[in-house]
*Asks:* 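Okay, here's the structure, questions in a sec.
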2 protein chains.
Amino acid sequence: MSKSNNVYKDAYNRGLRLLDETKSLPSEPELGVLLGVSRTTIRTILARMEETGLIAWNKRSKTVLRVPQPDDFFPEEETDTLSQIIERSFMRRLLAGGAEPGMQINELELAREIGVGTTSVREFLIRFSRFGLIEKRRNSHWVLKGFTRAFALELTEIREMFELRSAAAFAALPQDSPVWADLDLLEDEHRLLARQIAMRFNEFSELDERFHRLIHRASHNRFIVDFYDVIAMIFHYHYQWNKAQERERNEVAVTEHLAYIAALKSRDLGKVDAACRKHLKSARHTLLTSIPEGQQPQQA
Amino acid sequence: MSKSNNVYKDAYNRGLRLLDETKSLPSEPELGVLLGVSRTTIRTILARMEETGLIAWNKRSKTVLRVPQPDDFFPEEETDTLSQIIERSFMRRLLAGGAEPGMQINELELAREIGVGTTSVREFLIRFSRFGLIEKRRNSHWVLKGFTRAFALELTEIREMFELRSAAAFAALPQDSPVWADLDLLEDEHRLLARQIAMRFNEFSELDERFHRLIHRASHNRFIVDFYDVIAMIFHYHYQWNKAQERERNEVAVTEHLAYIAALKSRDLGKVDAACRKHLKSARHTLLTSIPEGQQPQQA
DNA sequence: TTAATGTCTTTTATCGTGAAAAAACAGTTT
DNA sequence: AAACTGTTTTTTCACGATAAAAGACATTAA
């Protein structure tokens, strides 16, 4: 096997959803933009839709014949990128315990275990190394540094530095900047979520990420913006892993966000600083309490 | 060809220098530690040294027979890592002009041009991406963001944030910390270099890096320490590229470093902050003046 | 009985290859 | 002639294979 066609399968699944809404599909280039893939992939998708009797396709006319059924979709797991598969698998092992800091990481073994080629694993590890959880020994193996208390503290130290600066930059943005409209929209979403928190508390993490990314973007600094990838990754897996008091935690966070938003809108730097600090402090606390205590870093 | 034996060649060259000093070589494991390679490589080296009549090798006895000649050494260029070769080649193209921001980067073309496989180029680009000069379009090509004024400003913003914090942490270190001894040694090296600046000004950049890394290490934060890789990379190529007033610049920098060191030793946070700020300001200025003005970022 | 050497096994680094996907080009339709 | 469709070329992505290098095990010397 040389390359999986997950791009096609994922785009196909998303394409099926378009069939519910219209009686005929737009042009190929338009579909390409819509689904974020090339025309080549669009044509493969259309070919299959024709084959399975979903549409009648003749040059420009792409008439919808029937509504897609559940079994028209490709299985979810076939739409994932290889790197997503590897990342998930790797993080599961990392968080599932037994992964002591100092332990060495074996490319070949990982590849075999996940059922992928070594190249993909290597590339993943290189990409992943910027998160600071693993480290490469010169022309030798990788070493696990581990999701330790020290890691969490170092991560949050930078996060706090960056976010305080970004928040200040945000508050200083001119009134006609489009970010204020974005902030208003996010505020509405927060209010709505706050009201329905009992049912929708698990939707918070996605909103959280969008909110913080908006703020970080105000820094206009690629290193700050990119660093949020590290935070997002950690929080993503952390949320999946530690479900204790999830509802309460998220309820508190929503409230803090709303206060933070109000502070930003006041454009009072003192208030912004205080609201930001308060929120980051509780975020740090949440993260720290979720770290297994036993794990202490080995001597390298 | 599957893998070059540059590790062996480089270690061999370094091994030759040991022959000048002693009449017989130590044990294989000891040599391994000394040259930073495995015993397998050490044995390959010893085998060749025996073959070329440099040593007589019988089990534990490794007697030096003659002093190595210039042509005993492998050519410098054969001792480089593939990734070093690729990086150099890539940076040359980047700085040599004609590399407009927004331009797309072609893996295959790069690989052919440098004469290496695509895998190595891919891995290089992934590793290199953390420097913020290039960016990947989702399942498509890489895009050059370019060594622009914006890049330099964003880089220095983070650098200043991190270094001020590290310097403060450094000054707060207890008197019995080993870093003070390291600092003393560096101070001596600075004084010596200052006296011989006319001849040795080009040795400054190496000293500069060691000095700043020592300070950053005091932060005990892997993200801060790792970020210095970005700065070091940029300065490395920047120094190679822009030789204008190199002597004067370095002379000023040495003086600033000495003031900075004095401030650290005083452990007076106000003085440290001032000395650090002063040095970083002139470093930023130097970097900014070296950026070609014409290059403006394209619309992405 | 410790620490070396000799030998064998495992892992990493790199390439060429082939399918998926993108992109470029050429020909049609409105 | 602008925007589409049909076709061809190029590029990315992922694999297995292979030599270099690391590492583990067995044996021998001090």
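These figures come from a predicted structure and were not determined experimentally. Quick note on labels: first sequence line is chain A, next is B, and so on, each numbered from 1.
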*Asks:* To the nearest angstrom, how far is A:Glu123 atom CD from D:dC15 atom C1'?
*Replies:*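 Taking atom C1' of D:dC15 as the reference, CD of A:Glu123 is at 11 Å.
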*Asks:* Would B:Asp182 and B:Arg217 satisfy salt bridge (Lys or Arg N to Asp or Glu O under 4.0 Å), going step by step from the backbone distance to the final call?
*Replies:* CA-CA 12 Å; B:Asp182 295 336; B:Arg217 236 175 288 131; 5.3 Å; no
*Asks:* Quick one, A:Glu113 with A:Arg93, criterion salt bridge (Lys or Arg N to Asp or Glu O under 4.0 Å). Give me CA distance, side-chain angles, the key distance, then yes/no.
*Replies:* CA-CA 11 Å; A:Glu113 209 143 327; A:Arg93 297 164 120 244; 2.8 Å; yes
*Asks:* Taking atom P of D:dT11 as reference, at what distance in whole Å does atom CG of B:Leu125 sit?
*Replies:*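 Rounded to whole Å, this separation is 14 Å.
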*Asks:* Do the side chain of A:Thr40 and the base of C:dA22 come within less than 3.5 angstrom through a donor-acceptor pair of N or O atoms?
*Replies:*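 In this structure, the two groups form a donor-acceptor pair.
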*Asks:* Report which part of the nucleic acid A:Thr44 touches: base, sugar-phosphate, or nothing (heavy-atom distance under 4.0 Å, all strands).
*Replies:*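 No contact.
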*Asks:* For D:dG23, does either OP1 or OP2 sit under 4.0 Å from a side-chain N or O belonging to A:Ser140?
*Replies:*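 For D:dG23, OP1/OP2 do have a side-chain N/O of A:Ser140 under 4.0 Å.
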*Asks:* Counting N and O atoms only, with roles assigned by atom type, does the side chain of A:Thr52 sit under 3.5 Å from a partner on the main chain of A:Arg48, one being a donor and the other an acceptor?
*Replies:*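 Yes: the side chain of A:Thr52 pairs with the backbone of A:Arg48.
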*Asks:* Under 4.0 Å between a side-chain N/O of B:Ser2 and OP1 or OP2 of D:dT18, yes or no?
*Replies:*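 Result: no.
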*Asks:* What is the separation between atom CZ on A:Arg112 and atom P on D:dA17, rounded to the nearest whole Å?
*Replies:*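 From A:Arg112 CZ to D:dA17 P: 13 Å.
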*Asks:* Any protein N or O atoms within reach of nucleotides 1-5 of chain C? Criterion: under 3.5 Å, listing atom names and distances.
*Replies:*
{"from": "C:dT5", "atom 1": "OP1", "to": "B:Lys62", "atom 2": "NZ", "distance (Å)": "2.8"}
{"from": "C:dT5", "atom 1": "OP2", "to": "B:Glu28", "atom 2": "N", "distance (Å)": "3.0"}

*Asks:* Does a nitrogen or oxygen in the side chain of B:His141 sit under 4.0 Å from OP1 or OP2 of D:dT10?
*Replies:*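 It does not, given that no N or O in the side chain of B:His141 lies less than 4.0 Å from OP1 or OP2 of D:dT10.
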*Asks:* B:Ser120 near the nucleic acid: base, sugar-phosphate alone, or nothing, with a heavy-atom cut-off under 4.0 Å?
*Replies:*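 The residue B:Ser120 makes sugar-phosphate contact but no base contact.
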*Asks:* Starting at the 5' end of DNA chain D, which residue's closest nucleotide do you reach first, B:Thr119 or B:Asn5?
*Replies:*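 The residue whose closest nucleotide sits nearer the 5' end is B:Thr119.
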*Asks:* As an exercise, state the distance from CZ of B:Arg127 to NZ of A:Lys136, rounded to the nearest 0.5 Å.
*Replies:*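 Nearest 0.5 Å value for the CZ-NZ distance: 9.5 Å.
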*Asks:* Taking CD from A:Gln104 and P from C:dT11, how many angstroms apart are they, rounded to a whole number?
*Replies:*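 After rounding, the reported distance stands at 9 Å.
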*Asks:* Check the phosphate of D:dC13 against B:Arg122, side-chain N and O only, distance under 4.0 Å to OP1 or OP2. Yes or no?
*Replies:*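 So the side-chain polar atoms of B:Arg122 do come within 4.0 Å of the phosphate oxygens OP1 or OP2 of D:dC13, strictly under.
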*Asks:* Within the 4.0 Å heavy-atom criterion, would you say A:Lys136 contacts the bases, only the backbone, or no part of the nucleic acid?
*Replies:*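 Touches sugar-phosphate only.
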*Asks:* Could you check A:Asp229 against A:Arg130 for salt bridge (Lys or Arg N to Asp or Glu O under 4.0 Å), going step by step and ending with a plain yes or no?
*Replies:* CA-CA 10 Å; A:Asp229 294 344; A:Arg130 85 192 186 86; 2.8 Å; yes
*Asks:* Please state how far atom CZ in B:Phe124 lies from atom C1' in C:dA13, giving the value in whole angstrom units.
*Replies:*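 Going from B:Phe124 (CZ) to C:dA13 (C1'), I get 17 Å.
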*Asks:* Toward the 5' end of DNA chain D, which comes first, B:Ile42 or B:Thr118, by nearest nucleotide?
*Replies:*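 Taking each residue's closest nucleotide, the earlier one in sequence belongs to B:Thr118.
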*Asks:* By nearest nucleotide on DNA chain C, pick out whichever of B:Asn139 and B:Val116 is the more 5' one.
*Replies:*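 Final value for this comparison: B:Val116.
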*Asks:* For B:Glu109 and C:dA23, give me the distance from atom CD to atom P, rounded to whole Å.
*Replies:*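 In whole Å, C:dA23 P lies 15 Å from B:Glu109 CD.
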*Asks:* Any side-chain N or O of A:Lys3 under 4.0 Å from OP1/OP2 of D:dG16?
*Replies:*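 So the side-chain polar atoms of A:Lys3 never come under 4.0 Å of the phosphate oxygens OP1 or OP2 of D:dG16.
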*Asks:* By the 4.0 Å heavy-atom rule, please label A:Ile105 as base, sugar-phosphate, or nothing.
*Replies:*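 Contact class for A:Ile105: sugar-phosphate only.
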*Asks:* Please evaluate residues A:Arg122 and B:Thr119 with respect to the criterion side chain to side chain contact (heavy atoms under 4.5 Å, CB included), reporting the C-alpha separation (whole Å), side-chain torsions for both, the decisive distance (0.1 Å), and the verdict.
*Replies:* CA-CA 10 Å; A:Arg122 280 175 66 76; B:Thr119 313; over 6 Å; no
*Asks:* If you look at every strand shown and take non-hydrogen atoms under 4.0 Å, does B:Arg138 touch a base, only sugar-phosphate, or nothing?
*Replies:*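 If one applies the 4.0 Å heavy-atom cut-off, B:Arg138 turns out to touch nothing in the nucleic acid.
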*Asks:* What distance do B:Arg66 atom CZ and B:Leu54 atom CG have between them, rounded to the nearest 0.5 Å?
*Replies:*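 B:Arg66 atom CZ to B:Leu54 atom CG measures 4.0 Å (nearest 0.5 Å).
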*Asks:* What is the distance from CG of B:Leu108 to C1' of D:dT11, rounded to the nearest Å?
*Replies:*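 Rounding to the nearest Å, CG of B:Leu108 and C1' of D:dT11 are 6 Å apart.
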*Asks:* Could you walk me through whether A:Phe147 and A:Tyr237 satisfy the ring pair (Phe, Tyr, Trp, His ring centres under 6.0 Å) test, starting with their C-alpha distance in whole Å, then the side-chain angles of each, then the deciding distance to 0.1 Å, before giving a yes or no?
*Replies:* CA-CA 11 Å; A:Phe147 184 53; A:Tyr237 287 101; 10.0 Å; no
*Asks:* Can you tell me the distance, in whole Å, between the CG atom of B:Leu82 and the P atom of C:dT12?
*Replies:*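 My rounded result for the distance is 18 Å.
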